[in-house]
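Quick note: residue numbers are just sequence positions, from 1. Here the structure is a predicted model, which is why all the values come from computation and not from measurement.
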Amino acid sequence: MDVLTEQVELSHADLALLAELAKGVTVDRVGRRLDISGRTVRRRLRGICDRIGVATAIEAVAWAARRQLI
């Protein structure tokens with residue numbers, strides 16, 4: 001595990017986004033639930049992945065779940 005990923009902090013909004021994805025909700029539906037566009041969800045998700053050092057949304061959800069953040 002990279003030391004940098006252990007020091008990453010995600011906002012409440014980031015964690016809410018990941019929690020919705022963890023439930024199996026589609027990106028477009030997450031956008032509707034959070035009152036943002038699907039494109040914004042994808043952009044925010046890409047930013048989360050970049051910050052925590054993973055390549056996919058599934059990895060981001062697993063990363064947050066392993067740390068009991070969602």
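- When the salt bridge (Lys or Arg N to Asp or Glu O under 4.0 Å) test is applied to Arg42, the partners found at least two apart in sequence or on another chain are Asp28.
- Arg46 meets the salt bridge (Lys or Arg N to Asp or Glu O under 4.0 Å) test with Asp50; sequence neighbours excluded.
- In this structure a side-chain-to-backbone donor-acceptor pair under 3.5 Å is missing from Arg67 to Ala62.
- Applying the salt bridge (Lys or Arg N to Asp or Glu O under 4.0 Å) rule to Arg39 yields no partners; only residues at least two apart in sequence or on another chain are considered.
- Residue Ala57 comes nearest to Leu21 through the heavy atom pair CB-CD1, 4.4 Å, listed as atom of the first residue, atom of the second, then distance.
- In this structure, the side chain of Glu20 does not engage the main chain of Leu17 through any donor-acceptor pair within 3.5 Å.
- Between Leu10 and Arg51 the shortest side-chain heavy-atom distance falls below 4.5 Å.
- For the residue pair Ile48 and Ala60, the shortest heavy atom distance occurs at CG2-CB, 4.5 Å.
- Of all heavy-atom pairs spanning Asp14 and Arg44, the tightest one is N-NH2, 3.9 Å.
- Here the shortest heavy-atom pairing between Arg33 and Val25 reads NH1-CG2, 3.3 Å.
- Scanning all heavy atoms of the two residues, the minimum distance from Val61 to Ala22 falls at CG1-CB, 3.6 Å.
- Under the 4.5 Å side-chain heavy-atom criterion for grouping Ile, Leu, Val, Met, Phe, Trp and Tyr, Ile52 is not connected to Ile58 through any hydrophobic cluster.
- Nearest approach of Leu18 to Ile70, heavy atoms of both residues: O-CD1, 4.0 Å.
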